[in-house]
Amino acid sequence: MEEKNSSSNFIRNIIIEDLESGKHDSIITRFPPEPNGYAHIGHAKSIVLNFDLANEFKGASNLRFDDTNPLKEDQEYVDSIKEDVAWLGYQWDNLFFASDYFEEMYQRAIILIKKGLAYVDDLSVEEIRQTRGTAQGEGKESPYRNRSIEENLALFEKMRNGEFKDGEKVLRAKIDMASPNIIMRDPVLYRIAHATHHNTGDKWCIYPMYDYAHPLEDAIEGVTHSLCTLEFEDHRPLYDWVVRETEMEHQPRQIEFARLNITNTVMSKRKLKQLVDENRVDGWDDPRMPTVSGLRRRGYTPEAIRTFIREIGVSKSNSTVDSQMLEHFIREDLKLKAPRTMGVLKPLKVVITNYPEGEIEWLDAEVNSENPEMGMRKIPFSREIYIEQDDFMENPPSKYHRLFPGNEVRLKHAYFIQCNDVIKNDAGEVIELHCTYDPETKSGSGFTGRKVKGTIHWIEATSALSAEFRLYEPLVLDLEEEELEGDSKSFLDRLNPDSMEVVEGFVEPNMKDAKPQDKFQFFRHGYFNVDPKHSTEEKLVFNRIVSLKSSFKVD
RNA sequence: UGGGCUGUAGCCAAGUGGAAAGGCAACGGACUUUGACUCCGUGAUACGCUGGUUCGAUCCCAGCCUGCCCAGCCA
């Protein structure tokens with residue numbers, strides 16, 4: 001699939017201006033995930049944005065783990081995120097860890113203390129909260145706010161040396177407890193946490209807070225444009241304050257954009273982790289998860305994800321993209337790439353009464369009629385086949401183009417068949433059809449004697465390979481009444497009980513060579529991916545990536 | 001009631017002081033050995049509202065309204 005150029009957006013415009021004005025000769029961006037969960041499609045937006053910008057303007061983009069909170073982070077997450085970024089098609093210019101800068105950050109904090117701009121506070125979490133003030137009223141200064149520089153220096157060193165317990169002391173910036181921006185009311189810079197860090201082990205027991213660490217990380221790396229989401233707009237004054245007051249040479253510019261929301265999609269790491277922890281899904285890579293690994297297992301391609309993200313654009317307004325947009329781009333990508341094949345999800349046996357018994361005929365079929373370069377394949381045909389249960393109706397509505405008693409349809413790549421008899425079981429359910437075929441109507445013969453309105457897919461019965469198909473619907477539904485409650489209870493209440501339907505059917509015998517992550521279009525059904533976790537040589541398991549669109553409507 | 005941000009068709013989203021790009025969805029129609037694909041056609045007397053400036057405003061100014069974010073020793 002040809003990938004389009006990034007369309008115009010305000011961040012790109014800022015970069016163009018900065019380059020034209022000479023403010024920068026080149027740009028550096030970064031994707032700065034915290035390794036506390038798996039990357040999801042919201043992160044993919046940030047990844048594509050940052051790396052595309054660097055690529056377009058011949059700059060650099062780094063992958064930097066913002067690992068400043070050992071309590072929540074884990075090596076498993078850094079490994080998965082690296083894999084996901086690479087899978088999405090991007091190579092980082094540098095791999096960095098915020099934890100590698102802990103010493104420098106510590107030294108910069110000392111600069112702050114020496115300038116009288118930071119102090120060690122003995123207030124408890126609760127006391128700090130209470131004295132911070134509210135949105136309406138200003139906060140109160142801590143009684144420890146005016147300790148001497150010498151005392152602060154000594155105390156901060158003791159914090160580092162592990163002489164205090166968790167929560168006993170923090171280092172705070174001395175800014176303005178009366179600021180209308182709550183973020184600026186003496187924010188905490190360092191807290192004590194006697195925890196083992198995945199990268200630095202037990203070397204540190206004080207860890208920098210995001211607001212202090214992030215700007216330093218960007219400044220150290222020479223990041224020119226530091227992209228983050230809207231909720232950090234209030235933090236920008238602090239971001240700038242930190243860079244300025246710690247006397248960093250380089251001043252990055254923070255630019256905020258709206259995070260990605262998609263209809264019927266949960267985009268919260270906390271909630272996704274909850275689904276995993278409570279075993280409500282088959283791991284972080286469950287095909288219903290909006291994680292990059294879930295999308296990968298579902299069968300989405302990096303190309304489709306990238307195109308989707310470029311096409312939805314970047315702005316500062318909160319918005320929710322229709323999930324049909326994502327589906328559109330995977331269909332578009334797979335259209336020319338995915339081999340066509342036939343799969344019967346819910347089989348109904350058909351006996352072609354006028355076809356010789358015991359005979360197997362091999363028919364020619366294009367692998368992908370929309371992409372002739374993909375060549376041809378052979379498929380077997382005989383007296384007994386399976387068709388889709390939905391492709392037969394004893395009493396069809398008008399405009400039903402498929403099989404019904406007396407009606408003739410084409411079997412894709414084969415012959416016209418006409419339905420003569422309907423066999424039912426004692427319960428009155430249709431269990432078999434008796435049809436006749438017309439040898440003159442063979443596919444490719446050029447027969448024009450009659451027209452049929454419908455073409456249906458089928459599988460030769462004796463050589464059919466049984467397979468499992470997993471059909472997906474949204475994991476979580478957008479429900480009006482629930483919108484107002486934001487707690488986890490309502491989120492679980494919105495879980496879709498029908499998010500996965502498993503059916504047993506048949507596929508063409510040549511599918512025996514299908515490998516994990518191979519993608520196919522099952523005729524008239526949609527695009528499917530061979531599940532890498534559950535598919536085996538004995539039993540193929542297909543994940544439906546997305547169905548085909550359909551304009552068929554019953555009146 | 002403080003601060004920050006936002007508001008262009010059902011959903012995303014460009015754009016300029018001088019007659020509103022594009023994509024998704026939807027709806028017609030053509031084609032069709034996938035009710036798919038493809039192709040053709042159909043959308044904002046108008047850019048949150050009200051005033052103002054201007055020959056002229058979606059774009060400038062003022063006021064108002066809507067939605068979102070902020071009181072973690074999370075990021």
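FYI, side chains are in, hydrogens and waters are out, and symmetry mates aren't considered; it's all heavy atoms of this structure. Lettering follows sequence order; numbering is per chain, from 1.
- Nearest nucleotide to the A:Ser317 side chain, out of B:C74, B:A14, B:U6: B:U6.
- As judged by a 4.0 angstrom heavy-atom cut-off over every strand, A:Gln324 is placed among residues touching the sugar-phosphate backbone only.
- Taking 3.5 Å as the limit, the base of B:G67 and the side chain of A:Asn318 contain no donor-acceptor pair of atoms between them.
- Using a 4.0 Å heavy-atom criterion, one finds that A:Leu548 contacts the bases of the nucleic acid, with or without backbone contacts as well.
- Straight-line distance between the P atoms of B:G15 and B:G7: roughly 12 Å, to the nearest whole Å.
- A:Lys72 contributes no side-chain N or O that, together with a main-chain N or O of A:Pro35, makes up a donor-acceptor pair within less than 3.5 Å.
- Within 4.0 Å of A:Val452, counting heavy atoms only, lies no atom of the nucleic acid at all.
- Judged by distance alone, with hydrogens and angles left aside, the side-chain atoms of A:Asp322 form no donor-acceptor pair with the main-chain N or O of A:Met325 at under 3.5 Å.
- Across all strands, A:Phe522 comes closer than 4.0 Å to no nucleic acid atom at all (heavy-atom distances).
- Here the NZ atom belonging to A:Lys271 is positioned 6.5 Å from the CZ atom belonging to A:Phe491, to the nearest 0.5 angstrom.
- Distance noted for atom C1' between B:C59 and B:U54: 13 Å (whole Å).
- Distances shown here put every side-chain N or O of A:Ser319 at or beyond 4.0 Å from the OP1 or OP2 atom of B:C11.
- An OP1 or OP2 oxygen of B:U33 is reached within less than 4.0 angstrom by no side-chain nitrogen or oxygen of A:Ser443.
- Residue A:Met267 forms a side chain to side chain contact (heavy atoms under 4.5 Å, CB included) with just one option from A:Thr320, A:Leu272, A:Ile262, and that option is A:Ile262.
- A sub-4.0 Å separation between OP1 or OP2 of B:U33 and a side-chain N or O of A:Lys451 is absent.
- B:G10 and B:G43 have their C1' atoms separated by 11 Å, given to the nearest Å.
- If you take OH of A:Tyr207 and P of B:A75, they are 12 Å apart, rounded to a whole angstrom.
- Closest to the side chain of A:Asp234, out of B:G4, B:C73, B:G23, is B:G4.
- Atom CD of A:Glu373 sits in a sparse spot, with 12 or fewer heavy atoms from other residues, nucleotides or ligands closer than 6.0 Å.
- Phosphate contact (OP1/OP2 of B:A25, side-chain N/O of A:Lys549, threshold under 4.0 Å): present.
- Residue-level contact check: A:Arg172 touches neither bases nor backbone, having no heavy atom under 4.0 Å from any strand.
- Heavy atoms of A:Lys316 sit under 4.0 angstrom from primed sugar atoms or phosphate atoms, though from no base atom.
- The pair A:Asp390-A:Lys346 fails the salt-bridge criterion, with no side-chain N (NZ, NE, NH1 or NH2) lying under 4.0 Å from an Asp/Glu carboxylate O.
- Taking for each of A:Pro32 and A:Gly444 the nucleotide of RNA chain B with the nearest heavy atom, the 5'-most of the two is the partner of A:Gly444.
- Seen from the ring of A:Phe329, A:Arg310 does not count as a face-on cation partner, given the 6.0 Å and 45° thresholds.
- Comparing A:Gln521 and A:His328 against RNA chain B, the residue whose closest nucleotide sits nearer the 5' end is A:His328.
- For A:Arg191 and B:C74, the shortest distance from a side-chain N or O to OP1 or OP2 is below 4.0 Å.
- In this model, no donor atom of one side chain and acceptor atom of the other lie less than 3.5 Å apart for A:Asp478 and A:Thr263.
- Between A:Asn13 atom CG and B:A13 atom P the separation is 15 Å, expressed in whole Å.
- Rounded to a whole Å, the CG atom of A:Leu334 is 14 Å from the P atom of B:C37.
- Rounded to whole Å, the P atom of B:C60 lies 16 Å from the corresponding atom of B:U8.
- Comparing B:G52 with B:U66, their P atoms sit 23 Å apart, to the nearest whole Å.
- Residue side chain A:Arg524 does not reach the base of B:G35 through any donor-acceptor N/O pair under 3.5 Å, judged by distance alone.
- Atom CG in A:Asn181 sits roughly 12 Å away from atom P in B:C70 (whole-Å rounding).
- Proximity of residues 118-133 of chain A to RNA chain B (heavy atom under 4.0 angstrom from any strand atom) is restricted to A:Leu123, A:Ser124, A:Val125, A:Ile128, A:Arg129, A:Arg132, A:Gly133.
- Within the nucleic acid shown, A:Ser179 has no heavy atom closer than 4.0 Å to any nucleic acid atom.
- Judged by a 6.0 Å distance limit and a 45° cone about the ring axis, A:Arg160 is positioned over the six-membered ring of A:Tyr106.
- One can place CZ of A:Phe232 at 18 Å from P of B:U6, the figure rounded to the nearest angstrom.
- Which of B:G35, B:C5, B:G2 sits closest to the side chain of A:Pro180 comes down to B:G2.
- When atom types are taken as modelled, the side chain of A:Tyr212 and the backbone of A:Met105 share a donor-acceptor pair closer than 3.5 angstrom.
- Remark: A:Thr68 is not in phosphate contact with B:C74, judged by side-chain N or O atoms under 4.0 Å from OP1 or OP2.
- The gap from the C1' atom of B:G3 to that of B:U42 amounts to 46 Å, rounded to the nearest Å.
- Here the CZ atom belonging to A:Arg340 is positioned 14.0 Å from the NE2 atom belonging to A:His457, to the nearest 0.5 angstrom.
- At the heavy-atom level, A:Arg331 lies nowhere under 4.0 Å from the strands shown.
- In this pair, A:Tyr386 and A:Phe506 present their aromatic rings parallel. The plane angle is below 30°, not in the 30 to 60° band.
- Across all their heavy atoms, A:Thr68 and A:Pro208 have their closest contact at CB-O, 3.4 Å.
- Nucleotide B:U32 holds its C1' atom 14 Å from the NZ atom of A:Lys453, rounded to whole Å.
- A donor and an acceptor atom never sit less than 3.5 Å apart when one is taken from the side chain of A:Glu370 and the other from the base of B:U38.
- Here, B:U1 and B:C12 have their C1' atoms 35 Å apart, quoted to the whole Å.
- Nucleotides B:A44 and B:C40 have their C1' atoms positioned 22 Å apart, rounded to a whole Å.
- Judged by atom type and distance alone, A:Thr455 does not reach the base of B:U34 through any side-chain donor-acceptor pair under 3.5 Å.
- Between A:Asn9 atom CG and B:G15 atom C1' the separation is 13 Å, expressed in whole Å.
- A sub-4.0 Å separation between OP1 or OP2 of B:G2 and a side-chain N or O of A:Thr134 is absent.
- Distances from the side chain of A:Arg410 to the nucleotides B:C37, B:U33, B:A71 place B:U33 closest.
- A:His413 comes within 4.0 angstrom of a base, heavy atoms only.
- Under the ring-ring contact (aromatic ring centres under 6.0 Å, His included) criterion, A:Phe447 pairs with A:Phe416, sequence neighbours left out.
- In RNA chain B, consecutive stretches of 3 or more Watson-Crick or G-U wobble pairs with both distances under 3.5 Å are given as paired ranges: B:2-5 with B:67-70, B:10-12 with B:22-24, B:26-30 with B:38-42, B:48-52 with B:60-64.
- In the set B:A13, B:C12, B:G2, the nucleotide with an atom closest to the side chain of A:Ser315 is B:A13.
- Across all strands shown, A:His235 has heavy atoms under 4.0 Å from base atoms, whether or not it also approaches the sugar-phosphate.
- Whole-Å rounding puts the A:Asp186 CG to B:A71 C1' distance at 14 Å.
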